[in-house]
Protein chains: 2
Amino acid sequence: MNLKQLSQMLELSQTTVSRALNGYPEVNEETRRRVMDAARRHGYRPNPSARRLATGKAGMIGYVLPTGSAVDIDPHFVEFLSGLGDYARAHDFDLVLSPADAQDEETTYRRVVANKQVDALYVSSPKPADKRIKLLEQLGLPYIVHGRSEGLHFDYPFMDIDNEGAFHEAGRLLVQLGHSRIALINGQRAETFAVFRERGLRNALAASGLVLATPMIRSFAMTEENGYRAARSLLETSPRPTAIICSSLIMALGVVRAARDLGIEIPKDMSLIAHDDVFPWLKPENFSVPLATTRSSIRLAGARIAERLAARISGLEEGKSGEVWPVDLVVRGSVAGAPTRANS
Amino acid sequence: MNLKQLSQMLELSQTTVSRALNGYPEVNEETRRRVMDAARRHGYRPNPSARRLATGKAGMIGYVLPTGSAVDIDPHFVEFLSGLGDYARAHDFDLVLSPADAQDEETTYRRVVANKQVDALYVSSPKPADKRIKLLEQLGLPYIVHGRSEGLHFDYPFMDIDNEGAFHEAGRLLVQLGHSRIALINGQRAETFAVFRERGLRNALAASGLVLATPMIRSFAMTEENGYRAARSLLETSPRPTAIICSSLIMALGVVRAARDLGIEIPKDMSLIAHDDVFPWLKPENFSVPLATTRSSIRLAGARIAERLAARISGLEEGKSGEVWPVDLVVRGSVAGAPTRANS
DNA sequence: GGTATTCCCCAAAGCGCTTTGATTATTGCG
DNA sequence: CGCAATAATCAAAGCGCTTTGGGGAATACC
């Protein structure tokens, strides 16, 4: 069933039917009702390709997916996607993933924009001075960044959580509990969130006259194995840290394993706080010692970004406004006062 | 730069230019070279919407993504996607995710097909007698199922791993090591893979005159927490199982935690084997006791499915052939002989 | 030499929609 | 009553591509 057939059936022109369906004012309300009704009854659905060709609007939002044998999409993505998908379903648009060579995403961005394949894009895992943001700004397609870049000389629309504040809080708590040797196991430095988290922790320590020394920082891709290695190398120094703050629950698994291997008890010998993006399949309260976390649902972020993208597409949202969500600090059994000298 | 401009520039008709570019035979090789060359130089890219409208081909493959507040996309999906994305990038097509209400995926499938939004679909997590397969068969769009259904009275194209064989092997190994009380912590029964795995294990036991009794089976969504609960409930019975086979690495985390809580040592008191889909962020060899696994890369499966979908789209692959990949059994420290009576 | 092939290329007709520019009723106003 | 304004509809022109159905020129065949 296409427009032509429908309009013949109604003995109206395609123009009128099209307008009736798309809510244009220059059509009699009675007629509109008739049209809407017939469309529903016959299950008429405008052909998206035709509509796209005519309007230039795609009804889809896009994401450039970095791929390559060396590239691992991380499991956070799927949670984010859940949120995005929820909103997208409710508002009837699809998502296009355009795989790109991780070495050369620019080509793909340009292609997607030039072809008008999508109405908006979202950008994730922004790096400091991220080129993709510059590019999109220049290409003029609506977009939102999930996270933040740094050192860009213009504003851009983003949605981020307060990584700095979160790790500041976490650090402050540890300091209050008497810890002074606090280590950080972070995600890769190339990611802006890692920069912010480090900064937050550093400032928290500085506020009490403490220093976050380079040897107390590890930055790696967030795998269990890297968490283990980082923790091990930290805990084998002397004097060892009495507390670790860690950027992901998955890494925290490795940290816990390292502590166990070394006979270090949590929280007696060492406190541990990790950032929790809220996975349904791995919960901090179920760690052998319930894990204190800085918590923020990445899924909700996905839904919010979808919402804002939709608003931008339809012109309801403009400007370059950034949005920063606060992060909860959830204290659980993995934190305790710093061990007394006798223990350490 | 569009076809019209390009053809004017070359002083050729759009027909000829189009044909030259798409490799049709009725064009002079010399002309073709000229055209190809000009197209490259001017960065001409056919507008996909127009092409789609004209040909009905979309240049995209689709996936209907079940969503809803109660639905969790599981982390396996992202690994699968990595593989799919790798292939898609290399062969220049995009992926469309169409979010659907998990309660009513049919509507979305119909829409996607009716609109010709994609050239092919892939279906994951098939259930026994999966309705989606019937529907697609009837709608006539190329598709491939990742996994298998059961009880369908027709053939369909699928790619699956040998779940039955894998758990058969795993079971056989345990039996050979003297285990007789073997428990299964499985994924949800609604998933066909869970049915196959149970069957594999059951047959392995039966081959030695043993029985996989219902009280020795647990079936839940594959989260750490469910792994813990299942293991706990199994290990608190008496006599308790001396070995557990578990359907996922994530669940295995919970199993290990349960064993630890109960003071049960792996592998001395209990052997453990889990299925490993190969995540970059969680590796079985890094469990506190290296975990024996049945291993199969879900990422490779993604790439293979993309390949087959592409072949189907271009008519290179036909028929309903299923493809079953063998699964490696990787023995590591988490398996040992059954404990002697004194220990159990 | 004339006719049949083959080789290249073209004009034009879609694909299904939106939108512009008119056209035909209807109503309002002096 | 006549003319302007308003409302409601339509025909037709794109959007950028593929593909059908020819057609002219060069080559082959008898």
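Chain identifiers are assigned alphabetically (A, B, ...) following the order of the sequence lines, protein sequences preceding nucleic acid strands; residue numbering begins at 1 within each chain. Both backbone and side-chain heavy atoms feed into the values below; hydrogens, waters and symmetry mates do not.
Between B:R304 and B:E323 there is a salt bridge, with a side-chain nitrogen of the basic residue lying less than 4.0 Å from a carboxylate oxygen of the acidic one. Between B:E318 and B:R312 there is no salt bridge, since no side-chain nitrogen of the basic residue lies less than 4.0 Å from a carboxylate oxygen of the acidic one. B:R41 and B:D37 are joined by a salt bridge, as a carboxylate oxygen and a charged side-chain nitrogen come within less than 4.0 angstrom of each other.
D:dC17 atom C1' lies 14 Å from atom CG of A:N47, rounded to whole Å. Protein atom CZ of B:R51 is 18 Å distant from nucleotide atom C1' of C:dG16, rounded to whole Å. At whole-Å resolution of the value, CG in A:L3 and P in D:dA11 are 14 Å apart.
Of the N and O atoms on the side chains of A:T16 and A:S13, at least one donor lies less than 3.5 Å from an acceptor on the other residue.
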Scan nucleotides 4-10 of chain C nucleotide by nucleotide, 5' to 3', and note B when protein non-hydrogen atoms come under 4.0 Å of the base, S if they reach only the sugar-phosphate, - if neither. ----SBB

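The aromatic ring centres of B:Y143 and B:F158 sit 6.0 Å or more apart. Aromatic ring centres of A:Y63 and A:F77: separated by under 6.0 Å.
Contact check of residues 52-60 of chain A against DNA chain D (heavy atom, cut-off under 4.0 Å) returns A:L53, A:A54.
Aromatic ring orientation, B:H146 versus B:F80: parallel (interplanar angle below 30°, classes split at 30° and 60°).
Regarding contacts with the backbone of C:dC17, a side-chain N or O of A:Y44 is found under 4.0 angstrom from either OP1 or OP2. OP1 or OP2 of D:dT19 has at least one side-chain nitrogen or oxygen of B:Y24 nearer than 4.0 Å.
Where the helix from C:dG1-D:dC30 to C:dG30-D:dC1 starts and where it ends, the local axes point in directions that differ by 50°; five pairs per end, rounded to 10°.
Residues A:K57 and A:R52 fail the side-chain proximity criterion, which asks for heavy atoms closer than 4.5 Å.
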